Amino acid sequence: MQVRDTHSSLKNFVVFEGIDGSGTTTQLKMLAEALKRNSVLFETTAEPTDRPEGQLIRHILKGEIDADPGTVAYLFATDRHQHLHGKAGILSILQKGSWVFCDRYILSSLAYQGITCGEELPRLLNSPFPHPGLTIYFRIDPERSMERVLRRESLEIYEKIHMQKLVSAAYDRIVEKKRAEGWNIELVNAELDIGEVGLRVRRIVGSHLGIGLD
Ligand code: TYD
């Protein structure tokens with residue numbers, strides 16, 4: 001089974017990225033319905049994961065455990081390593097010939113931890129990880145996405161407008177840089193209504209999969 005299309009890119013691994021409230025989780029659920037309808041063999045997953053490493057991160061994000069920003073960068077990288085290389089991890093799912101769709105990956109660390117602990121550490125920690133065959137970046141004005149986030153019951157430590165503006169600007173820079181390095185990144189205007197965003201996501205993913213997605 002040919003999993004890698006270049007020395008470090010995983011063709012059948014697709015990632016959704018964007019600031020909080022950009023709709024990645026909702027869009028991934030909608031895409032999963034379309035993939036099922038079209039009998040695509042796939043799994044969806046997310047970072048931080050549900051594993052103990054990811055749960056520890058969740059406690060920190062809720063403000064229940066204090067952690068140095070550098071520690072958080074290491075934890076996200078630890079969670080990611082296990083997510084990729086663990087027994088039921090991304091690489092083993094890909095080996096079985098399935099597509100994998102993941103809510104957040106390397107670019108989240110470069111954007112969020114790049115702000116909280118500086119660019120160097122997340123860059124180093126994430127440099128060994130393979131890059132996805134396709135990344136969809138859900139771009140939205142942070143003022144708009146914060147309106148959505150503020151409707152939620154509880155807020156996490158990054159969910160403040162000042163932070164979201166910094167993360168948004170960081171994402172824009174990182175996406176340009178990664179594209180220049182050869183990453184396949186598609187941008188979607190996440191301010192459009194949910195159905196229109198879903199349609200665009202299906203077109204992009206359908207074209208990557210080489211099928212029409214209804
Ligand atoms: P999120 O996808 O927003 O989860 P949920 O919608 O279930 O709350 O992810 C939680 C937060 O984790 C989000 O603010 C982004 C942050 N995050 C990082 O800071 N670095 C990372 O590497 C990842 C994967 C997520």
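As the structure lists them, so they are numbered: ligands from 1, and atoms in each ligand from 1. The model shown is predicted, which means the values in this text are computed figures rather than measured ones.
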Students should be able to answer this: which protein heavy-atom is nearest to atom 17 (N) of ligand 1, and at what distance?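 Scanning the protein heavy atoms, the shortest distance from atom 17 (N) of ligand 1 goes to F76 CZ, 3.3 Å.
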May I ask you to decide whether [X] forms a salt bridge with [Y], counting only side-chain N to carboxylate O separations under 4.0 Å?
{"X": "R80", "Y": "E53", "result": "no"}
{"X": "R152", "Y": "E159", "result": "yes"}
{"X": "E196", "Y": "R200", "result": "yes"}

Is it the case that ligand 1 has an N or O less than 3.5 angstrom from some N or O of [X]?
{"X": "Q113", "result": "yes"}
{"X": "D20", "result": "yes"}
{"X": "R80", "result": "yes"}
{"X": "E47", "result": "no"}

With a 4.0 Å cut-off on heavy atoms, is E159 touching ligand 1?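 The answer is no, since E159 has no heavy atom less than 4.0 Å from ligand 1.
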Considering all heavy atoms, the nearest R202-A34 contact: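 For R202 and A34, the tightest heavy-atom pair comes out as CD-CB, 3.4 Å.
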Do F138 and E17 have side chains that get closer than 4.5 Å, going by heavy atoms?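 Result no, sub-4.5 Å side-chain heavy-atom pair not found.
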Select the closest option to atom 4 (O) of ligand 1 among E17, R58, R104, judged by heavy-atom distance.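 Checking each option, the heavy atom nearest atom 4 (O) of ligand 1 is found in R58.
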What distance separates L110 CG from Y105 OH, expressed to the nearest 0.5 Å?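 Reported to 0.5 Å precision, the distance equals 11.0 Å.
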